[in-house]
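All remarks here apply to the structure that follows.
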Amino acid sequence: MAEETSASNFIRDLVAADRAAGKHGGRVVTRFPPEPNGYLHIGHAKSICLNFGLAQDTPGGICHLRFDDTNPTTEDPEYVQAIQDDVRWLGFDWQDRLFFASDYFERLYEFAETLIRKGAAYVDSLTAEEMRLYRGTLTEPGKNSPHRDRSVEENLDLFRRMRAGEFPDGTHVLRAKIDMASPNINLRDPVLYRIRHAAHYRTGTAWCIYPAYDFAHPLSDAIEGITHSICTLEFEDHRPLYDWVVAQAGTAHRPQQIEFARLNISYAVMSKRKLLELVEKKLVAGWDDPRLPTIKGLRRRGYTPEAIRAFCEHIGVAKRDAVVEMQLLEHFIREDLNKRSLRVMAVLKPLKIVIDNYPEGTVEELDAVNNPEDASAGMRKVPFARTLYIEQDDFLEDPPKQFFRLAPGREVRLRYAYIIKCVGVTKDPRTGHVTELHCTYDPATKSGAPEAQRKVKATIHWVSTAHAAEAEVRLYNPLLKADLSKVPADHDWTTYLNPQSLERVTGCRVEPSLKNAVPGTRFQFERLGYFCTDPDSGTDALVFNRTVSLKDAWARIDKGRSAR
RNA sequence: UGGGGGAUCGUCUAGCGGUAGGACGCCGGCCUUUGGAGCCGGCUACCUAGGUUCGAUUCCUAGUCCCCCAGCCA
């Protein structure tokens, strides 16, 4: 019963119903329409999964990738490239259906003349400020521009001269002639074209007038034969305008706009504007900073496309505003990585131990399991010797009752090795800090040996001091100290950045098998979490990012204790 | 105070007049050479008030609360 099937949602249901009713000739054509003015983030992933997923799930369904590049001042080919990379990395394929709204500029222009000819659009010459005043308010109707009744001939002439570059920016716009008293402000003669003497990254200086979203988007959809144009909730009251534009242009095809609630994630920066601000002000390392919910950031952090897709599938699609907890995203990456990542041992904060009764100069190559969840992952050898590093957190001089790890006189098992007992503690006489532990081992308890069955309360990880490689490990915490939705608008939101969002731990020691780890490789550091080799990593300086920690029962207990 | 939307466990989400389900989370327990994973059990919800009905989360009415809209951004 509980098979892993794709959950339905109101959009899937609607599309299925349209197909069943033979609407659009039974075809399903969706599109993902990013503007190339920033990098994609997990919110876009939701839309990508929805649009491409709808196409995939429908026999004959297709999904276009269309760049909505109608604003030359903010767009850049760097973003076009990055967006394509990200969509592909997420696992979706637009095949030969890569489109650009800018490729439609000539046709859109013709549609604009069509509207002018039928008296549905006019050239206005009010300043932006005047236009704002004429627009009215939420509760008061607007009033007609003095230019609203220009003749078709005059409008055509003016519009052509706008195109020809005769006027400076801001002097004229093309407006839809709808209703300045409409209770829906979007219908109060919205701007269709504006003058922008700016080079476009694709069309260069061929144009100095550019279509507005409300004009370009519905018509691009119509041109491409999009059946279901899925967008976010804030466009809901643009839908009458969307339909108006398509009807006035008289296109053969009439696409249907459907809106859903955008994704929000707790303690994550999800607005394009804010992400750009973080990057530009160098508050983060770049668009791929692992603290960012950008696709590039998640990727560098160690997230897999599979986990992101599973997350997007499970959060569902609805119309109510929602804030998904970060823990849910973390759940899906843990679930994925648990099944596939190779286990290795790494010590983040080393504490040296000497096994007093272990022969000096001896090195044993012990057998270690690569992935207990996957027998085909095989085994590897890990060198064991007299002096080792263990995790500082795995020793407590005066442990509470629930602490099962090492303490004076206590025993633990060293993973894949022996049971050891702590017999001595060396401290720095000045600071009182523990600098070294002396232990003894029980040779009969070697992992795999018949007499090794003796139970101890805990197993801890370790590395051999002589064989381990040094590494830097970057730990990440939420970028924000509070949810931005609760931050007053007049506050500088960057003051809510978490100063502890990045914790660089240097002097870590990792087992020798990691010496040649290639950037982008994911591991489980046993008992610690999932880690991914960073692009900054090289053979001389290993760098790992913590993708997500393992669930930590002791941390919870410890937290509960200190809270009391 | 105009218009457009939305309200179901702490968080997401299902339900389409007939016992309110799932996931995350949280709390127990089992198991464990990762305090991981796995397994078992538990926790908590229909915005309010009326009405229709044998029966309402679902339909109706009236409220309440939340989100979006006054860019020549998308």
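Chain A is the first sequence line, chain B the second, and so forth, proteins listed ahead of strands; every chain is numbered from 1. Note that the structure is predicted; figures quoted are calculated from it, not measured.
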I'd like the [atom1] distance from [M] over to [N], given in whole Å.
N: B:G21; M: B:U8; atom1: C1'; answer: 11 Å
N: B:C16; M: B:C59; atom1: C1'; answer: 11 Å
N: B:C72; M: B:G5; atom1: C1'; answer: 27 Å
N: B:G10; M: B:C46; atom1: C1'; answer: 16 Å
N: B:G63; M: B:G25; atom1: P; answer: 42 Å
N: B:C47; M: B:G6; atom1: C1'; answer: 12 Å
N: B:C40; M: B:A45; atom1: C1'; answer: 24 Å
N: B:A23; M: B:C43; atom1: P; answer: 14 Å

Taking any heavy-atom pair under 4.0 Å as a contact, classify [X]: base, sugar-phosphate, or nothing.
X: A:Ile315; result: sugar-phosphate
X: A:Tyr193; result: nothing
X: A:His238; result: base
X: A:Arg135; result: sugar-phosphate
X: A:Gly142; result: nothing
X: A:Gln524; result: base
X: A:Ala318; result: sugar-phosphate
X: A:Phe311; result: nothing
X: A:Thr70; result: sugar-phosphate
X: A:Arg556; result: sugar-phosphate
X: A:Arg188; result: nothing
X: A:Phe332; result: nothing
X: A:Val369; result: nothing
X: A:Glu35; result: sugar-phosphate

Checklist entry - Hey, which of these two, A:Val191 or A:Leu138, hits RNA chain B nearer its 5' end, going by closest nucleotide? => result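 Mapping each residue to its closest nucleotide by heavy atoms, the 5'-most match is A:Leu138.
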
Next on the checklist: For A:Ile460 and A:Glu236, find the nucleotide of RNA chain B closest to each by heavy atoms; which residue's nucleotide sits nearer the 5' end?
Outcome noted: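 Checking each residue's closest nucleotide, the 5'-ward one belongs to A:Glu236.
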
Checklist entry - When the ring centroid of A:Tyr303 is compared with that of A:Phe332, is the distance short of 6.0 Å? => result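 Centroid distance A:Tyr303-A:Phe332: not below 6.0 Å, so no.
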
Checklist entry - Does A:Phe67 have its ring centroid less than 6.0 Å away from the ring centroid of A:Phe99? => result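 Aromatic pair excluded; centres sit 6.0 Å or further apart.
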
Checklist entry - With distance as the sole test, does A:Asp483 use its side chain to make a donor-acceptor pair with the main-chain N or O of A:Tyr267 at under 3.5 Å? => result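 Side chain of A:Asp483 to backbone of A:Tyr267: a pair is present.
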
Next on the checklist: Using modelled atom types and a 3.5 Å cut-off, is there a donor and acceptor pairing between side-chain atoms of A:Arg340 and backbone atoms of A:Asn338?
Outcome noted: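 Here the side-chain-to-backbone pair does not exist.
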
Checklist entry - For RNA chain B, what are the stems built from at least three Watson-Crick or G-U pairs in a row, each pair having both distances below 3.5 Å? => result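 Stems for RNA chain B, defined as runs of 3 or more consecutive pairs: B:2-7 with B:64-69, B:10-13 with B:21-24, B:25-30 with B:38-43, B:47-51 with B:59-63.
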
Checklist entry - What pairs with A:Asp179 under salt bridge (charged side-chain N to carboxylate O under 4.0 Å, His left out), at least two apart in sequence or on another chain? => result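 So A:Asp179 forms no salt bridge (charged side-chain N to carboxylate O under 4.0 Å, His left out) with any residue.
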
Next on the checklist: I'd like to check the salt bridge (charged side-chain N to carboxylate O under 4.0 Å, His left out) partners of A:Arg380; sequence neighbours left out, ordered by chain and number.
Outcome noted: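 Salt bridge (charged side-chain N to carboxylate O under 4.0 Å, His left out) check on A:Arg380 returns A:Glu511.
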
Checklist entry - For B:G71, is chi within 90° of 0 (syn) or not (anti)? => result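 Syn.
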
Next on the checklist: Does any part of the side chain of A:Lys559, heavy atoms only, come nearer than 4.5 Å to the side chain of A:Arg556, both counted from C-beta?
Outcome noted: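 When only atoms from C-beta onward are counted, A:Lys559 and A:Arg556 do not touch, as no gap falls below 4.5 Å.
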
Checklist entry - Taking it one step at a time, do A:Glu75 and A:Arg202 satisfy salt bridge (charged side-chain N to carboxylate O under 4.0 Å, His left out)? => result CA-CA 10 Å; A:Glu75 296 157 7; A:Arg202 291 189 83 241; over 6 Å; no

Checklist entry - Along RNA chain B, 5' to 3', what are the outermost nucleotides having an atom less than 4.0 Å from a heavy atom of chain A? => result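 So the contact region on RNA chain B extends B:U1 to B:A74.
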
Next on the checklist: Once side chain to side chain donor-acceptor pair (under 3.5 Å) is applied, do any residues pair with A:Arg405, and if so which ones, sequence neighbours excluded?
Outcome noted: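 Partners of A:Arg405 by the side chain to side chain donor-acceptor pair (under 3.5 Å) criterion, ordered by chain and then number, come out as A:Asp394.
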
Checklist entry - Which pairs with one or both residues in residues 186-200 of chain A pass salt bridge (charged side-chain N to carboxylate O under 4.0 Å, His left out), sequence neighbours excluded? => result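 Counting only pairs at least two positions apart or across chains, the salt bridge (charged side-chain N to carboxylate O under 4.0 Å, His left out) contacts touching residues 186-200 of chain A are A:Arg148-A:Asp189.
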
Item to check | Test side-chain contact (heavy atoms from CB on, under 4.5 Å) applied to A:Cys231 and A:His217, step by step | outcome: CA-CA 11 Å; A:Cys231 64; A:His217 201 91; 6.0 Å; no

